[in-house]
Amino acid sequence: MDRRRYMDANQALAFFDAMQDDEYSGEESFLTDEELDYQDGLDPAEDRDNEEDTSPPIQARQESSHSSAVEGPFTSAAASQPSTSAAASQPSTSAAASQPSTSAAASQPSTSAAASQPSTSAAAPQQLPGIGHGRLQSRSRGRAQSRGRVRSRSRSGSLRGRQSPESTRSRSRSPQPAAPTPSWNSESQPDIPPVPKRFVPTRKPGHQLSPTSIYTPLDLFKLFVSDSAATTLCKNTNTNAAKNIASGKKYSWTNFTVEEFFKYLGLTFFFALVRLTNIRDYWRTNAIFSQQFPHSVMTRDRYQVISWNIHMSDPDEDVHNDRKRGTPAYDRLFRLKPLLDDIKHACRAFYHPRQNLSVDERMVATKAHTGMTQYMKAKPTKWGFKLFVLADSSIGYTLDFAVYTGKSVFASGVGLAYDSVMSLMKKSSLGSGYNVYVDNFYTSPKLFMDLYSMNFGACGTYRDNRRGCPRTTTNAMTKKDPRGTIRWIRDGPLVFVKWMDTREVSVCSTIHPAFSGNTVQRRVRTQDGGWNTKSIPCPTPVTEYNKNMGGVDLSDQLIQYYSVHQKTMRWYRTLFYHFLDIAATNSYLLHKEVCAEKQQQPMTHRAFLEELTAQLCGVTVAVPPTQQQSDHVPVPTSDQTETSKKASYGRRQCVNCKQTRQVKQATPWKCKACDVALCVIADRNCFEAWHQ
């Protein structure tokens, strides 16, 4: 007992501080078994009590401790925290404490990484006893004996094993402050939004046309479908028709000219304004529903033959592209390229958007069996080609679009939604400071942060399971919360907002604060069964999202009013008709912009398309009415049959002479339908003047 040494709490702290200083300075320290046990969190008093009860022989303890020392790696005692247990101040009666301190208390290496190496390092260089690795080995054997003693017994009599090296290392480090748990905030807590991006467009927003020029509907339409594009299309159509006739098609073909091409487009728009079930019905002549205008522009067979052969790309180059099918060099949109590139370039060239933009999908109806046909159950048009469209939120102008051809095209690895938005938001052509609004298909924290780094703001609804979105339940909104409840979390520029309306709404934004005091009107049921209007708080991102998200929907609405879409046997002709819809709709929106600048009243959408149709066909909308047969013919005023009285009997005063000449002039003639007397003589034809 007299040979056993113990430490009180002050001595332990002093030893620990000295050891930390030695480790920091790279020097070695010498500690006894009790000191090492104290730093490892072991209780010398507990070891003493266990030794008094069931202490195995020293040799057996050493053998078992040696085996235990070999089992796990050696962990640094210098990195562990000192224990403040009261039992640490009691004297230790451990038999291992009677060993010489120079053999049991070996020095620690200067770094904790070296201390974590196994103690059975046979490849270490030989040194003098008590120096360098010799001390490390000596101390590890002494600690192994001490730990072997602790492993064999515990207070409850059950086996108490050593902790794993990972837990020992984490315990040996100094305690770190726990990261604060994110919590949802309510509308009563203020939110500080990021500084708004400066709006610097590359051009003045609005139309890019000459303010002094006068633009007819045909002039505006030819900005998108130019004469050069028409020339290319006519050339490729003639080549395609010759190829089809050579393959055995039985129809006659004459050269397709640019003038005839625009007449063909004029009839196509006429069919969009005057709807009939079948194209052939427009040339019917034996029914009350017969149309006179299409026959005066083009015959039925000529229109159908052009529709069968119209082609945008060179048919010979199509063959070379088809040979690349299945390889990365294959272009699925090759048959659309000439007209597709021209229209996309014109959409950006002749109009520059205002600050708020929207990105959404657009479906072009078709059930063609191609690899590009998509099904979207949430859209009114469920089967068709999917287009990613960038539109101006203020007027619905289509700025840019991309035809979706398959996931293999987007190879960035981030995702289809991310790539589609980033491909449309081009800073070189737009500028900076724009705000884009998207739905929950596109919204992700990575997309919004990347747009923010490009000086673009973003706002959109989001899905809770999207990567990077908050998933904390602290102060979260529940389904039982009343209408108008708001919760939000800010993560740098990102703010995630949840709002309870008829159901939960989730919106993310890098533009707006969480709540600015906005309210919306909602009808709520009263206790007596009636309805009452109530104002409830609404988050700012939700209000702005509802205001600016409808750019693509507005464009779709304008297109669907008078769409030239027709059923066709070739999938690329379906998109050809859609390109005509985009060109006509954007032309009308440019017409409205020009009239607003000149403070003139614009035409309605239908009136604009009617004028465009007439100009494409080379006629005017106001056509003089055709002369129709009627009962307005001159007849005698008297029905006397006597020959002697035919010239003078039954004369009446001419109504026209009385009104225009203020004279009373008798006449034997009258109008059969009007039953009024009118002069019909060589120098005075009151009958013709009256009916004009």
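Side-chain atoms are counted along with the backbone in the values below, which use heavy atoms only and exclude waters and symmetry mates. Residue indices begin at 1 and follow the sequence shown.
Closest approach of Phe576 to Met312, counting heavy atoms only: CB-CE, 3.6 Å. Between Pro315 and Lys243, the shortest heavy-atom distance links the atoms O-NZ, 4.1 Å. Minimum interatomic distance between Ile486 and Cys538 (heavy atoms only, all atoms of both residues): CD1-C, 4.2 Å. In terms of heavy atoms, Phe224 sits closest to Ala346 at CD2-CB, 3.7 Å. Arg483 approaches Thr502 most closely through the heavy-atom pair NH2-CG2, 3.0 Å. For the residue pair Ser587 and Leu220, the shortest heavy atom distance occurs at OG-O, 3.3 Å.
Between His565 and Tyr577, the distance separating the two ring centers is not shorter than 6.0 angstrom. Aromatic rings from Phe441 and Tyr462 are positioned such that their centres are separated by 6.0 Å or more. Between His591 and Tyr215, the ring center distance fails the sub-6.0 Å criterion. Taking the six-membered ring wherever Trp is involved, the centroid distance between the rings of Tyr303 and Tyr264 falls below 6.0 Å.
Qualifying side-chain contact (heavy atoms from CB on, under 4.5 Å) partners for Trp571, counting only residues two or more places apart in sequence or in other chains: Leu336, Ala368, Thr370, Met372, Phe385, Leu575.
Rounded to the nearest 0.5 angstrom, Thr202 OG1 and Lys426 NZ are separated by 12.5 Å. To the nearest 0.5 Å, atoms CD (Glu504) and CZ (Arg487) are separated by 10.5 Å.
In this structure, a donor-acceptor pair under 3.5 Å is absent between the side chains of Thr568 and Thr574. Checked by atom type, the side-chain pair Thr254/Arg302 shows a donor-acceptor distance below 3.5 Å. Side chain to side chain, Tyr434 and Asn356 fail the donor-acceptor criterion of an N or O pair below 3.5 Å. Counting only N and O atoms by type, the side chains of Asn255 and Asn238 include a donor and acceptor under 3.5 Å apart.
Counting only distance, with no hydrogens or angles, the side chain of Thr239 and the backbone of Lys235 share a donor-acceptor pair below 3.5 Å. A donor-acceptor contact shorter than 3.5 Å is absent between the side chain of Tyr442 and the backbone of Val359. For Thr398 (side chain) and Asp400 (main-chain N/O), no donor-acceptor pair under 3.5 Å exists by modelled atom type. Side-chain atoms of Ser453 come within 3.5 Å of backbone N or O of Asp450 as a donor-acceptor pair.
Within a 6.0 Å sphere centred on NZ of Lys379, other residues, nucleotides and ligands contribute more than 12 heavy atoms. Within a 6.0 Å sphere centred on CZ of Arg490, other residues, nucleotides and ligands contribute more than 12 heavy atoms. Counted within 6.0 Å of OH on Tyr561, heavy atoms from surrounding residues, nucleotides or ligands total 12 or fewer; the atom is thus considered open.
The only option from Val552, Leu424, Val421, Asp360 that meets the side-chain contact (heavy atoms from CB on, under 4.5 Å) definition with Leu390 turns out to be Leu424.
Under the ring pair (Phe, Tyr, Trp, His ring centres under 6.0 Å) criterion, the residue pairs touching residues 317-352 are Tyr351-Tyr397, with sequence neighbours excluded.
Taking the ring axis of Tyr452 as reference, the NZ or CZ atom of Lys197 stays within 45° of it and closer than 6.0 Å to the ring centre.
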